[in-house]
Amino acid sequence: MIISSTLDFRDAARRRLPPFLFHYADGGAYAEETLRRNVADLSDIALRQRVLRNMEDITLSTSLFGAAMPLPVVLGPIGIGGMFRRRGEIQAARAAHRAGLPFTLSTVSICSLTEVTKAAPGPNWFQLYVIRDRSFMRDLLATAREQGAKALVFTVDMPVPGARYRDAHSGMSGPYAPARRVMQAVTHPRWAWDVGLNGRPHRLGNLEPVLGKASGLNDYIGWLGSNFDPSIAWQDLDWIRSEWDGPLIIKGILDPEDAREAAAIGADGIVVSNHGGRQLDGVLSSARALPAIADAVRDRLTVLADSGVRSGLDVVRMLALGAQGVLLGRAWLYAMAAGGEAGVTQLLTLIEKEMRVAMTLTGARSIGEIDRSILA
Ligand code: FNR
């Protein structure tokens, strides 16, 4: 596998994964307009090239929520990561921690938070969805506290799951899905051996208390459909705030008014995100939504962003648009699917190098110097 850029991981992941998983990762909602715009709008952001400014000493280090880190980069939450590589969440968390970065574990991960904390101790963040069963949410929060999660990422842009048409075509859902997945596994033996046979159990670790041993892939899809709660409202977040005294980060903000609400309930941070174009197709890309949101709330909370970030250059672009930190989504998932822990390590090295080049040639010596002044 020759990897010379972050984009190569996607091709390698495509070759290795059964199509139902590749398209689950790669696809978005409806006609995938927002998915495309996330990437296109970000790559349209032009930077000012500045030269001959003695850029020998530059530093990429920063701090988020009081924790020092070598780059303003976090691995964001990805559901069923352990289906992409054997106990995938652990592999990704280890790579993140080796790089000194936080790993965010999804509510709907394969490995439970307890399993990840044990196998990959380090700055793990925990992502929580709004779930109908509030007492189960309370239990999950208690586990997050017990396991020493360093931040809670509360995802609010999934009151209902978005329609992802690719999933019906690929065998992730739709007619004869289980049989089609078996056929695809047979024709992708490297994945079948690594994950299908040796990566078991394929249960949703965090949901075992409510789903029991039957928490497999079909249960996952069913659970997503029936357990998200469209009745959630800002007032409910007071309850979360009172249950969680660590950093609280609201993920899925795309509008300055909502960002102000997040500040008003006492959130410590937000993630400007459209869930990687997987929820409401047709909404703004994160790159376009970010500047107004950052202007509205940056003095009151930490503004993070994701959706469309595929390289270190994209990280710098998001920072220039007003983010203080960036979450990777598909970027790390492709790298993990392609190369496991080593793949994620390689990705993070590439991202660091690309950021360094971008900072050197825009004249930004530190993360704090990356702002709109570097935009052309
Ligand atoms: C996600 N995302 C996500 N977000 C979340 O809060 N909880 C989750 O369980 C998941 N699961 C998930 C699975 C897959 C396969 C993808 C691709 C994404 C959204 C994710 O955290 C992030 O917001 C997006 O991936 C960002 O967009 P890019 O960078 O992938 O384009």
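As a basis for the values below, the full set of heavy atoms in this structure was taken, side chains included, without hydrogen atoms, waters or symmetry mates. We count residues from 1, following the sequence as given. Each ligand, and each atom within it, is numbered from 1 in the order the structure gives.
By the criterion of a heavy-atom distance under 4.0 Å, both the backbone and the side chain of Arg330 are placed next to ligand 1.
For ligand 1, the atoms closer than 4.0 angstrom to any heavy atom of Ser307 are 26 (C), 27 (O), 28 (P), 29 (O), 31 (O). Set against the non-hydrogen atoms of Ala25, the atoms of ligand 1 under 4.0 Å away are 15 (C), 17 (C). Set against the non-hydrogen atoms of Val108, the atoms of ligand 1 under 4.0 Å away are 9 (O). Each of the following atoms of ligand 1 lies closer than 4.0 Å to a heavy atom of Ser273: 23 (O). The Lys251 neighbourhood of ligand 1 comprises atoms 4 (N), 5 (C), 6 (O), 19 (C), 20 (C), 21 (O), 22 (C), 23 (O), with distances under 4.0 Å to a heavy atom of that residue. For ligand 1 and Gly308, the ligand atoms under 4.0 Å from any heavy atom of the residue are 27 (O), 28 (P), 29 (O), 31 (O). Residue contact check: Gly276 has heavy atoms under 4.0 Å from atoms 24 (C), 26 (C), 27 (O) of ligand 1.
For the pair Arg164/His169, no side-chain contact is recorded, criterion being any heavy-atom separation below 4.5 Å from C-beta on.
The closest approach between any non-hydrogen atom of Arg310 and ligand 1 is below 4.0 Å. For the pair Asn38 and ligand 1, no heavy-atom separation below 4.0 Å is found.
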Full working for salt bridge (charged side-chain N to carboxylate O under 4.0 Å, His left out) between Asp194 and Arg85: CA-CA 7 Å; Asp194 180 48; Arg85 201 82 190 195; 3.6 Å; yes
Worked verdict on Val297 versus Val303 for side-chain contact (heavy atoms from CB on, under 4.5 Å): CA-CA 8 Å; Val297 294; Val303 177; 4.0 Å; yes
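Taking the six-membered ring for Trp and thresholds of 30 and 60 degrees, Trp332 and Phe103 have ring planes more than 60 degrees apart, a perpendicular arrangement.
Considering backbone and side-chain N/O atoms, Thr155 comes within less than 3.5 Å of an N/O atom of ligand 1. Backbone and side-chain nitrogen or oxygen atoms of Pro77 are examined, and one is located within less than 3.5 angstrom of a nitrogen or oxygen of ligand 1.
For the atom pair CZ (Phe228) and CE (Met158), the distance works out to 5.0 Å, reported to the nearest 0.5 Å.
Between the Gln127 side chain and the Thr107 main chain, a donor and an acceptor come within less than 3.5 Å of each other. A side-chain donor-acceptor contact under 3.5 Å links Thr34 to the backbone of Val283.
With salt bridges taken as basic N to acidic carboxylate O contacts below 4.0 Å, one links Asp268 and Arg241. Using a cutoff of 4.0 Å between basic side-chain nitrogens and carboxylate oxygens, Arg87 and Glu115 are scored as salt-bridged.
Closest heavy-atom approach to atom 2 (N) of ligand 1 among the candidates Arg278, His275, His23: His275. Here the shortest heavy-atom distance to atom 12 (C) of ligand 1, taken over Gly79, Ser106, Gly329, belongs to Gly79.
Side-chain atoms of Asn38 and Asn274 include a donor-acceptor pair closer than 3.5 Å.
When hydrogens are left out, the protein atom nearest atom 8 (C) of ligand 1 is Tyr129 OH, 3.0 Å; that is the closest non-hydrogen contact. For atom 22 (C) of ligand 1, the nearest non-hydrogen atom of the protein is Asp306 OD2, 3.1 Å.
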